[in-house]
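The structure under discussion appears below in the form of C-alpha cells.
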Amino acid sequence: MKQVNKVPFTAGLFLTLAALFAYTEAFPIGVIAFSWLGGIQLLNLAAPRLPFSRLIHWTHAMTFEVPAFLGVAAMRFIPTRETVHGNGQPILLVHGYMNHSTVWRFPKKRLESLGLGPVYTISLGHPFKSIREYGEKVKVKAEQIAKATGRKDLILIGHSMGGLVSSWYAAKLAPRGTVTDVITIASPLNGTPVAHIGLGPNAREMQPNSDLLQELRAGIADSRDIRFHHIATKSDQLVVPGHSAVIKQNNHYIYEDLGHASMLYSRRVTDQIAEWISQS
C-alpha cells in the first residue's frame with residue numbers, strides 16, 4: 001500500500017508568516033525559509049497532478065530531513081526519565097544505528113495519548129556491535145518488562161536498524177508466544193548499499209545479501225505466530241531503494257514524501273502503527 005502526503009494546515013501558516021516578514025522588511029532569512037516550507041508543502045499536495053511528482057516528493061522529504069536529523073541529535077542532550085503509563089499490552093521501542101532511546105520522545109507520547117501501552121524504550125549502548133548482540137539486550141529488556149507488567153504478549157517497534165534488532169529477537173530469541181507483533185520503520189530488511197560506508201559489524205550486517213539478513217528473513221517467514229508489519233518510504237536516503245524496507249508478503253505501508261529520520265516525527269506514521277495495533 002502507498003500513502004501520499006496530505007499537507008497540514010501549517011503550509012498556510014508558513015505563507016502567512018512569510019508575507020508578514022516581507023511586509024515589515026525584516027528577517028529576510030525568515031522570509032525565504034517560511035516561503036520555501038510553505039511552498040514545498042503546497043507543491044507536495046499537488047504533486048500527484050503535476051509532472052515530476054517523484055522529484056517534488058523527494059524535495060519535500062529532504063527539506064524536512066534537515067530539522068529531523070538536528071532534532072534527533074538534540075534529543076540526546078535533553079534529560080529524560082522513562083515513565084510508563086497504562087495497563088494494556090506492553091510495547092517496546094528499539095532505536096536505530098548510532099542512535100539512542102531519546103529518539104522516541106514524540107512517538108512514545110503519541111502512542112500513550114492514544115491509550116496504548118505501557119510503552120518502554122531501550123538504549124542499545126555501544127553503537128558498533130552486532131545485531132545479534134543487540135538482540136540479546138532486547139531479550140533482557142523484554143524479560144524485565146514481562147516481570148514488571150505480569151504480561152508476556154509484547155509488541156516490538158523498531159526504527160531503521162532497530163527494526164532488524166526487533167525482528168531478530170522476535171524470530172530467533174523470543175520464547176514462543178511472547179511476541180505478538182513486530183513493526184519495522186525504514187528498516188533495511190533486504191539491505192542497503194549505504195551500509196558499505198558504515199562502521200562496525202552491524203553496518204556489515206545491513207549490507208545487501210549479508211548472512212544475517214538472509215537468516216533473519218528466513219526466521220521471519222518461519223514465525224507464523226508473529227504478525228510482522230513494515231513501514232517504508234520511497235524518499236528514504238539511507239535505505240536504498242526504499243522498498244528494501246518491506247517484505248511484501250507481510251502487511252506494509254509505503255510513503256512517498258517522508259525521509260528516514262522524519263518518520264520519527266510523523267504523526268501519520270504513528271497513527272498507522274496505532275491502527276495496526278488496534279486491529280491485532
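Sequential numbering from 1 along the given sequence is applied to the chain's residues.
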Side chains of H95 and S101, donor plus acceptor under 3.5 Å: no

Out of curiosity, [X] [atom1] to [Y] [atom2], how far, rounded to the nearest 0.5 Å?
{"X": "M98", "Y": "S160", "atom1": "CE", "atom2": "OG", "value": "11.5 Å"}
{"X": "H260", "Y": "D236", "atom1": "NE2", "atom2": "CG", "value": "5.5 Å"}
{"X": "E205", "Y": "L216", "atom1": "CD", "atom2": "CG", "value": "10.0 Å"}
{"X": "I91", "Y": "K108", "atom1": "CD1", "atom2": "NZ", "value": "10.0 Å"}
{"X": "I220", "Y": "S167", "atom1": "CD1", "atom2": "OG", "value": "4.0 Å"}
{"X": "T233", "Y": "E256", "atom1": "OG1", "atom2": "CD", "value": "7.5 Å"}

Kindly indicate whether the side chain of [X], heavy atoms from C-beta on, has any atom under 4.5 Å from the side chain of [Y].
{"X": "P208", "Y": "H196", "value": "yes"}
{"X": "L264", "Y": "F106", "value": "no"}
{"X": "K141", "Y": "V94", "value": "no"}
{"X": "S210", "Y": "E215", "value": "no"}
{"X": "D271", "Y": "E275", "value": "no"}

So if you build clusters from Ile, Leu, Val, Met, Phe, Trp, Tyr with side-chain heavy-atom gaps below 4.5 Å, do [X] and [Y] land together?
{"X": "I122", "Y": "I155", "result": "no"}
{"X": "I226", "Y": "L92", "result": "yes"}
{"X": "L189", "Y": "V138", "result": "yes"}
{"X": "V179", "Y": "I157", "result": "no"}
{"X": "I277", "Y": "M263", "result": "yes"}

Are more than 12 heavy atoms from other residues, nucleotides or ligands located less than 6.0 Å from atom [atom1] of [X]?
{"X": "I78", "atom1": "CD1", "answer": "yes"}
{"X": "N87", "atom1": "CG", "answer": "no"}
{"X": "F52", "atom1": "CZ", "answer": "no"}
{"X": "D211", "atom1": "CG", "answer": "no"}
{"X": "R267", "atom1": "CZ", "answer": "no"}

Tell me if a side-chain donor or acceptor on [X] pairs with a main-chain N or O of [Y] at a distance below 3.5 Å.
{"X": "Y120", "Y": "V84", "value": "no"}
{"X": "S262", "Y": "L258", "value": "no"}
{"X": "Y134", "Y": "G162", "value": "no"}
{"X": "S235", "Y": "G259", "value": "no"}
{"X": "Q237", "Y": "M62", "value": "no"}
{"X": "R76", "Y": "T102", "value": "no"}

Steps toward side chain to side chain contact (heavy atoms under 4.5 Å, CB included) verdict (R217, L213): CA-CA 6 Å; R217 290 193 297 269; L213 289 182; 3.6 Å; yes

With L93, the side chain to side chain contact (heavy atoms under 4.5 Å, CB included) member among L111, I185, I183: L111

Result of checking L212, L164, I131 against N202 for side chain to side chain contact (heavy atoms under 4.5 Å, CB included): I131

For [X] against [Y], the heavy-atom pair lying closest together:
{"X": "L114", "Y": "A274", "result": "CD1-CB, 3.5 Å"}
{"X": "Y169", "Y": "A142", "result": "OH-CB, 3.4 Å"}
{"X": "V182", "Y": "S166", "result": "CG1-CB, 4.1 Å"}
{"X": "E112", "Y": "V119", "result": "CG-CG2, 3.9 Å"}
{"X": "G158", "Y": "S187", "result": "O-OG, 3.7 Å"}
{"X": "P127", "Y": "Y97", "result": "O-CE1, 4.0 Å"}

Mutual orientation of the aromatic rings belonging to Y253 and Y255 [parallel < 30°, tilted 30-60°, perpendicular > 60°]: parallel

Pair E143 + K147, salt bridge at N-O below 4.0 Å: no

Salt bridge E136-R132, side-chain N to carboxylate O under 4.0 Å: no

Test side chain to side chain contact (heavy atoms under 4.5 Å, CB included) applied to M75 and W104, step by step: CA-CA 9 Å; M75 288 296 176; W104 293 109; over 6 Å; no

L173 and W168: CA distance, side-chain angles, deciding distance, side chain to side chain contact (heavy atoms under 4.5 Å, CB included) verdict: CA-CA 7 Å; L173 302 176; W168 181 265; 4.1 Å; yes

Verdict with supporting geometry, N251 and W276, side chain to side chain contact (heavy atoms under 4.5 Å, CB included): CA-CA 9 Å; N251 201 13; W276 278 335; 2.7 Å; yes

